[in-house]
Amino acid sequence: MSDRYEPASFEAKWRQRWKDADLFRTRTDPDAPKFYGADFFPYPSGAGLSVGHCRNYVPTDVICRMKLMQGYNVLHPMGFDAFGLPAENEAIKHKTHPAPMIKSYAATYRRQMELVGISYDWSRSFSSSDPEYYRWTQWIFELLFKRGLAYRSMAAVNWDPVDKTVLADEEIVAGRAERSGALVEKKWIPQWFFKISDYAQRLLDDLDELDWPEGIKSQQRNWIGRSEGVQFSMVIADSAAPDEVSEDGFAVKNSRGALAFDVFTTRIDTVFGMTFCVLAPEHPLLERILRGVDEVHAESVRAYQLRAKTLSDIDRLATNREKTGVFTGAYAINPANGAKVPIWVADYVLATYGTGAIMAVPAHDERDFEFAKKFGIEVIQVIAPTDGAQVKLPFIAKDGVLVNSGEYSGMPVFESMTALGIWIEGLGIGERKVQFRLRDWLISRQRYWGCPIPIIHTKDGEMQLVPQDCLPVELPMVDEYEPSGDGTSPLAHIPDFVNTTDLDGRLGQRETDTMGGFACSSWYFLRFCDPSNKTEPWNFDKAKYWMPVDCYVGGAEHAVMHLLYARFWTKVLYDAGLVTVKEPFARLENQGQVLAQTPYRYPRVDEKLEVGEEGVLLSFVDAAKLPEEDIFYRWARMSKSKGNVVTPEDAVGGYGADALRMYLLFVAPFNADVQWSNEGMQGQVRFLSKIFKLIDESKAFYVPEWKGLVGFEELDSVAREVRRKTHKTIRKATADIDRFAFNTYVSSMMIFVNELTDLVQRNKANPSRAFALTLSEAIESLIKMLSPSAPHSADELWTTLGHKGFVVNEVWPTFVSELATDDLVTVAIQVNGKLRDTIEMDAAATNEELEAVAKSLPKVQSHLEGKTIRKVIVVPRKLVNLVAS
RNA sequence: GCCGGGGUGGCGGAAUGGUAGACGCGGUGGUCUCAAACACCAUUGGGGUUAAACCCGUGCGGGUUCGAGUCCCGCCCCCGGCACCA
């Protein structure tokens, strides 16, 4: 063996041996505890992996490998999220079919993951586009359908004109499609939804029990958006008794013989301050209202509605946009005081939230205030600070009392909210209600490359589920699958697919929309528990054994999409008695990104930069051609488009797989971004070389049977020191891996190696028996602790100590508290809280001894001169503070 | 605006209320080499000193405490998310 880390000479050899030994096949020892560690289901892009992806996979691998050594049955699977837009778009670009393309991309991913030495059990791998998998995705769809949680309805949905499909709300960011960047248009077409809104409260409540980053939990809470308030009916003044009117979730009621509409408010305490109402331009009652007003008002409302319709979401939702609106000519009655208030139409009220209509209280709401000011509407203050002080309107705060509010005047705000809610309920015109922002999950896509929805439309317009023994509804293999753009799926144009017979043997038509990719990734972690089951999605007992995922690792960008959907499906499956957990992922960790130096040049005079761009992106080749002063470098996320990618092949070829792994672990806290540097990689090469050198120098003293002997040996002070450092490091490294503090785990090994190297240098000329025994324990422990992060090197070093087999099959070292305890400690001596000296003391020294020694120190005495000691604080083994004045 | 996370040497970052800056990168000086690269040794918060002593230092201002990077109050700045959600 070399006394240096020379990866080219052994890393590939070990990877082959692991493979030959089928080392990472999931063990199911009935007496062992389980550990399920998983990475987010990746889409295998044609660009392959960068070292950035390894930042996700390596840490999960480290904790899984440690758990293996600690005797757990470890489930550490990997598969591919192959269905969906990214795959299809890439296939179209390359004029190929997504199925073979994805297969080859996934093979590349696997090869790269293996190159880095990740311990996946590949026998459990699958792709979401495998018929044996999506058969069960369809099976779960049918379960949702039967439970009333999958429905088809007409809706104004987000249409992405670039990707030519509809998208879920979660995929829209500020009016643009997150993926394509296209401005989203509204389209009114029938779509499939999952009724996630039924689970809003549970999705909110159960967050509390999860060991997840606070930021992700808070994002989910915001997205679910629970608010408590009162919903009540407003009667339209002088309106004739209408026929029954009710449409699409809008509460348009026949109430007391007049037209009426519902409003939702979280500030019922301000109801006496209502000076107008606003309906969303899309509000269905407007049609009726306009019949009862004069033509001038009706015309202006219609014109306004038309304008609102053509306005894109991005314009409409632009912040700080001036409020617009028109008066309808109609009035509503404030139920609190009988006042007639004008009804306006304005697009600052959203049709999709609450009832699409509000009571406006300009004195206590910024938006209403702005609107009232612009249109000269009255402002009536009904809340005042408790101390009666004058306040500037709008006054939003809730700490105050009601004024100008009839019999409720003088009542504190919070008390009045309950009182007025009860009063409204007593009147029978409304109720206290909880409103959620979360809307149903739009799941259908007008694209080819997705899981077909297993529905047959019959001649009479009924919908039937494809019988379970006929699943999967297979995606037909066709050459032409590009999106049509007319709002129908490519599948709609394949007669062989569409035309079928229904359950009664009559002609029927298949549903042609496919499911969005997020459906497929909402249950894959269950399939990993039992991936080759031919008769059911998973065996109940196997899922019961492995679930939940104990540690789930991936990027923060899935905070509200995948993670919310997967939680929802898990709860539905729980309700159906198919799984025993209410939550799929007990612990979640988000890795930071890997950034690379990326060259830009300053824009030329005639160039305009995109918003957010700092300069013009350059390739490294182009950057080399330009004069230095024209170029600047920025840290940017590694991506193919930026040309700054370092691949695992680059890193492993240049420095070694173990160096790459150690670097990614050490360079920054797990959840922080990393600035990639070759110097940092070289640092890990140096560290690994130090270990090889240490083992090379120590192996002469190595006693394989140390464990049975060390207890009988009288330990000298050097041997005690070796043991102490060993057990301290075990304690630190184990705890650090468990808490995802991989940087300090590596650091603790560096400290250990430096200390051992020192001890070996000082004692190698004349080593005692005790030293040899404790050193044997030390280097064995070191190799074991190293093995999760640098598995190739660990196995190589293990062999040089004369062992056979793999370190991952060894038992993770445990520490003994007494052995990790110092018998000599450094005590800090302070005068008035300022450090003046430190002393070495026996750890067993009493407080009195410490105090006496502290007082006797010259450096201390010079600071005590002319002062009287008022107080002495002694922290055993740590510190003495003399308080003097 | 609201929610979440942060602010510590030249850089990445360590620090259960108890010696701030572990560990590493980079820098400086040296060894090896014909030379370079690699490697190895020493040193490295700022001021101050021949050296020490000593002084200053964890975004800013207050507070609690024998003692605050850490706890409390009020600000400033950065990152991420949401954003007319009534």
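Note that the structure is a prediction, hence the values are computed from the model and not measured. Proteins get letters first, then strands, A, B, ... in listed order; numbering begins at 1 in each.
Nucleotides B:A36 and B:U49 place their P atoms 35 Å apart, quoted to the nearest Å. For the C1' atoms, the distance linking B:C73 with B:A20 amounts to 25 Å, nearest Å. Across B:C71 and B:G7, the matching P atoms stand 11 Å from one another, rounded to whole Å. Nucleotides B:G47 and B:G10 place their P atoms 10 Å apart, quoted to the nearest Å. Atom C1' of B:G18 sits at a distance of 30 Å from the matching atom of B:C25, rounded to the whole Å. Separation of the P atoms belonging to B:A68 and B:G17 is 14 Å when rounded to the nearest angstrom. B:G59 and B:C40 are spaced 35 Å apart, taking the P atom of each and rounding to whole Å. One P atom belongs to B:C34, the other to B:G24, and the distance between them is 31 Å to the nearest Å.
Residue A:Gln682 places at least one side-chain N or O closer than 4.0 Å to OP1 or OP2 of B:A39. Distances shown here put a side-chain N or O of A:Ser227 below 4.0 Å from the OP1 or OP2 atom of B:A86. Using a 4.0 Å cut-off, no side-chain N or O of A:Lys217 falls inside it from OP1 or OP2 of B:G81. A close approach under 4.0 Å does not occur between any side-chain nitrogen or oxygen of A:Arg221 and OP1 or OP2 of B:G81.
Distance, A:Leu595 CG to B:G12 C1': 12 Å, rounded to whole Å. Atom pair A:Leu879:CG and B:U16:C1' shows a separation of 15 Å (rounding to whole Å applied). Taking atom CZ of A:Arg637 as the reference point, atom P of B:C79 lies 18 Å away to the nearest angstrom. We find that CH2 of A:Trp212 is positioned 22 Å from P of B:G80, with the value rounded to whole Å. Between A:Asp3 atom CG and B:C38 atom P there is a gap of 18 Å when expressed in whole angstrom units. Distance, A:Ile224 CD1 to B:A83 P: 14 Å, rounded to whole Å. Counting to the nearest Å, the P atom of B:A83 and the CD atom of A:Gln219 are 11 Å from each other. Atom pair A:Asn590:CG and B:G4:P shows a separation of 17 Å (rounding to whole Å applied).
A:Thr266 comes within contact range of the sugar-phosphate backbone alone, with a heavy-atom separation under 4.0 Å but no base atom that close. Note on A:Asp837: nothing from the nucleic acid sits closer than 4.0 angstrom, heavy atoms only. When heavy atoms are screened at a 4.0 angstrom cut-off, A:Val278 is found touching no nucleic acid atom at all.
Under the Watson-Crick and G-U wobble criteria, each requiring two contacts below 3.5 Å, nucleotide B:G67 is left unpaired. If you check B:C40 for Watson-Crick or wobble pairing at under 3.5 angstrom, you find it paired to B:G30. With a cut-off of 3.5 Å on both Watson-Crick or G-U wobble distances, the partner of B:G17 is given as none. Judged by Watson-Crick or G-U wobble contacts below 3.5 Å, the nucleotide B:C2 has B:G81 as its partner.
Closest approach to the A:Ile873 side chain among B:C66, B:G12, B:C84 is made by B:C66 (side chain taken as heavy atoms from C-beta onward). Residue A:Ala672 has its side chain nearest to B:G13 when only B:A14, B:G13, B:G18 are considered. Comparing B:G18, B:C54, B:A14 by their nearest atom to the side chain of A:Thr744 picks out B:A14. Comparing B:A14, B:A86, B:G12 by their closest approach to the side chain of A:Tyr353 singles out B:A86. Comparing atom distances between the A:Phe666 side chain and each of B:G12, B:A20, B:C3 picks out B:G12 as nearest. The nucleotide whose nearest atom lies closest to any side-chain atom of A:Pro669 is, among B:G5, B:G13, B:C82, B:G13. Distances were taken from every side-chain heavy atom of A:Gln830 (C-beta onward) to each of B:G12, B:C23, B:G18; the shortest belongs to B:G18. Among B:C23, B:G5, B:C3, the nucleotide with an atom closest to any side-chain atom of A:Ser747 is B:C23. When distances run from any side-chain atom of A:Thr826 to the nucleotides B:A83, B:U19, B:G4, the shortest one goes to B:U19. Listed nucleotides B:G18, B:C54, B:A39 differ in distance to A:Arg686; the shortest reach to its side chain belongs to B:A39.
An anti orientation is assigned to B:G69, its glycosidic angle lying beyond 90° of 0.
Position along RNA chain B of the nearest nucleotide to A:Arg439 versus A:Trp223 favours A:Trp223 as the more 5'-ward residue.
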**Report entry** CA sep, side-chain torsions, deciding dist, call: A:Glu370, A:Tyr348, side-chain hydrogen bond (donor to acceptor under 3.5 Å, both in side chains)
**Finding:** CA-CA 11 Å; A:Glu370 189 194 332; A:Tyr348 82 91; over 6 Å; no
Requested in this report: Apply side-chain hydrogen bond (donor to acceptor under 3.5 Å, both in side chains) to A:Glu170 and A:Trp223, showing your working.
Outcome: CA-CA 9 Å; A:Glu170 288 81 0; A:Trp223 190 262; 3.1 Å; yes
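For A:Asn881 against B:C66, a side-chain-to-base donor-acceptor contact under 3.5 Å is present.
The shortest side-chain heavy-atom distance between A:Leu207 and A:Arg567 falls under the 4.5 Å cut-off. A heavy-atom distance below 4.5 Å is not found between the side chains of A:Leu756 and A:Lys725.
Listed here is the closest heavy atom pair of A:Gln219 and A:Val560: O-CG1, 3.6 Å. Contact detail for A:Pro213 and A:Asn590: the closest heavy-atom pair is CG-OD1, 3.4 Å.
A:Phe276 and A:Trp344 have perpendicular rings, their planes meeting at more than 60° on a 0 to 90° scale where under 30° would count as parallel.
Under a cutoff of 6.0 Å and an axis angle of 45°, A:Lys323 and A:Phe371 do not form a cation-pi pair.
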